[in-house]
Amino acid sequence: MEGVTDGNGVPPNAFDKSKILDVKPLRSLAPVFPDGPQGQYFVCAPPFGPFPSGFTPFYPFSVPPGFQSEPETPTPIRLFRTAVPHFSATRNGESGASMDASRGGSGKPPRKNRDVQFSSGKGPAKDFKLGFSSTERDDGNWEVVENVLMRFDALRRRFSQLEDAKETTSGIIRRADLKAGNVLMSKGIRTNMKKRIGAVPGIQYGEIFFFRMELCVVGLHAPSMGGIDYINVRGNSEQETLALSIVSSGGYDDEAEDADVLIYSGQGGNAYYKDKEAADQKLERGNLALETSLHRGNEVRVVRGMKDAVSTKAKVYVYDGLYKIQESWMEKGKSGGSMFKYKLLRLPGQPDVFALWKSIEKWKEGLSSRPGLILPDLASGAESMPVSLVNEVDDEKGPAYFTYFPTVKYSKSFKLLHPSFGCNCHSACAPGSTNCSCIQKNGGDFPYTANFNLVSRKSLVYECGPSCPCFPNCKNRVSQMGLKVRLEIFKTRDRGWGLRSWDPIRAGTFICEYAGEVIDKINTRQSGEDDHNEHVFDTSRTYQSFRWNFEPELIEEESPPAPTEEFDIPSPLIISAKNIGNVARFMNHSCSPNVFWQPVIYEHNNESFLHIAFFAKRHIPPMTELTYDYGIAPTDGESNSTPSGRKKCLCGSPQCRGYY
DNA sequence: GGTTGATCATTACC
DNA sequence: CGGTAATGATCAAC
């Protein structure tokens, strides 16, 4: 089964332009949903989708209770369904607006779950709650799913960090993903354990994953390896084996080029093992389940494994929604044995997840195929890759004039911290180099994983700088190495211009720094309030705290506490991107963002300069708007009541504070 | 750079 | 209830 699509197999004429134009609901397609009611650690980028004004975009779960889109299914299945009261209603796609609601049928009743502990407070950052109630483990919702995923990746990054630091290759945590998954599973930090046919509560169409264990802990696909998940259901007389979900990721010679059709190979018969010949597949286990589901007309969840554009070695798993099996047959496989083949058709009314991925591939081949393209590169070559400018919603030809500059500019001698010296390493600084002074300043831990993801939020991250003699390719310079993902500036429906990515983004990925001119706070005040908020970054604003780092108590022999997530900057830093700036000036505010900022410092000419670096809070699907928390402007002593400099927030997330 | 082998975690099944 | 077979991704070693 598993066979994907590196995208090379598509003949050029197979791509229908009208289809490209048809994928309009881009913004709503992979919406990073709003986060929990007060959710501090939930990311989300509410959809700014094409909604009629006045429509509250995000109530995925307030679906008519009686809504039932599928024809009546045979007894055993219906029994199963009744066990899952909140069911996806979006797959029938009543309207365009329902797409954003595509939290995969997540079943969160509109206003329940106030009692979910981990999302209930407003105060300072709370720790993750250790486990879940049995209810939360059985049936999830998107808050729980978010929580589990965030904790999984935090733990995984920490294990990677520990692994990277080991000099020897023995006795190490070889697979941080498996280790992290194992810990969460054994501690009961998981959800949707109850197996179900159809949509899984809290899992959204287009949602992306980077490890099979992630599918496991959120109950999208239980087997840690196998491509077919299934259950046995007791019918009236005999029991039936029914398929639940499949992962198509390239292990078998599947055909997975079409957005709505998938030819999936059955399991078994592979000549994995040394002395084993390729054998004929048997009608058992997963194969039997798919066969039964074909005859029963059951929905099957499909997860497609795609090649990651950023790191070609990695794989991205994309939840592609519900399919039904149309037919099955047997044929000779390449290795000689005969194998089962299943033809799956995608149910109508679901957002075009796979088609969007295909479109993006096209855009990368030739920018002219990008609808609404205004400028191929807004940065005019100033960045390591082009930043396209796109407007698909109205006639505006671009944002107001500014000068593109990729980093922050300090005026004359603006010293923030005491002068410090760089390291003395003469090659590339590595996680294991204990005498690198830059690493020592980080508390002895290398702040990034081998593939450049930030491990933990900290009060300050110390990178090697221009004055360090280490190689320019030293991995402790992540925020200085330019853009890693292909960004696009686009016109939003109601919030001006925004920023999003063509590439899927892993949690912890560096996105960009906040470029602009460092300014003196007093001068800003004098220049009038209009300058507030408009392309200005200000560390002195009040920011919602949230938990992102790993939980030390989940790691054996982890003595030191996880790094603090409260930033500590000696004096306020204000950066204006009004006249000079980079892509960061287009990032909009959200009360439940998918990006956060992190102070980073490195040394240059014996002075340390502070930079504001943005990192992904969660995995972000392609074309999802990138947002961060603008914070709340401090109320000035003199003028009370209506806070000066505050703006009405249009982020639309359930826990929107109303202003920022 | 492609191939091969060993390992890994989970669950169904015996 | 306890053991194990089956499964695929990953990395190391070739």
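Just so it is clear: chains get the letters A, B, ... in the order the sequence lines come, proteins before strands, and each one is counted from 1.
- With rounding to whole Å, A:N287 atom CG is found 14 Å from B:dA12 atom C1'.
- Taking the side chain of A:R285 as heavy atoms from C-beta on, and the options B:dC8, C:dA9, C:dA6, the nearest nucleotide is C:dA6.
- Of the candidates C:dT7, C:dT10, B:dT10, C:dT7 carries the atom nearest the A:M225 side chain, counting heavy atoms from C-beta on.
- If you take CG of A:N182 and P of B:dC8, they are 11 Å apart, rounded to a whole angstrom.
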### Step-by-step salt bridge (Lys or Arg N to Asp or Glu O under 4.0 Å) determination, A:R157 to A:E163
CA-CA 10 Å; A:R157 292 190 308 268; A:E163 175 186 349; over 6 Å; no

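- One interatomic measurement links the two molecules: CG of A:L215 to P of B:dA9, which rounds to 17 Å at whole-angstrom precision.
- In this pair, A:Y448 and A:F446 present their aromatic rings perpendicular. The plane angle is above 60°, beyond the 30 to 60° band.
- Ranking B:dC13, C:dA9, B:dA9 by closeness to the A:R175 side chain, first place goes to C:dA9.
- To the nearest angstrom, P of C:dA9 lies 10 Å from NE2 of A:H221.
- Look at OH on A:Y230: it is 7 Å from P on B:dA12, rounded to the nearest Å.
- In the set C:dA9, B:dT11, C:dT7, C:dT7 carries the atom at the smallest distance from any side-chain atom of A:Q267.
- For the OP1/OP2 pair of B:dA12 and a distance below 4.0 Å, the side-chain nitrogens and oxygens of A:N232 include no atom meeting the criterion.
- Of the candidates C:dT10, B:dT11, B:dA9, the closest approach to any side-chain atom of A:S224 belongs to B:dA9.
- Distances were taken from every side-chain heavy atom of A:C216 (C-beta onward) to each of B:dA12, C:dT7, B:dT10; the shortest belongs to B:dT10.
- For the pair A:R486 and A:W502, the cation-pi test (distance below 6.0 Å, angle within 45°) is passed.
- Comparing C:dT10, B:dC13, B:dA9 against the side chain of A:M213 picks out B:dA9 as the nearest.
- The interatomic distance linking A:D229 (CG) with B:dT10 (C1') rounds to 10 Å, in whole Å.
- Taking the six-membered ring where tryptophan is involved, the planes of A:F152 and A:F211 are tilted, since the angle between them lies from 30° to 60°.
- Taking every side-chain heavy atom of A:Y317 into account, C:dA9 is the closest of B:dA9, C:dA9, B:dA12.
- Atom CZ in A:F159 sits roughly 15 Å away from atom P in B:dC8 (whole-Å rounding).
- A straight line from CG of A:L178 to C1' of C:dA9 spans 8 Å, rounded to a whole angstrom.
- Side-chain contact annotation: A:K341 with A:S265, donor-acceptor N/O pair under 3.5 Å present.
- With distances taken from any side-chain atom of A:M185 to the nucleotides B:dT10, C:dA9, B:dA12, the minimum falls on B:dT10.
- A:K195 has a side-chain polar atom (N or O) that falls below the 4.0 Å cut-off from OP1 or OP2 of B:dA12.
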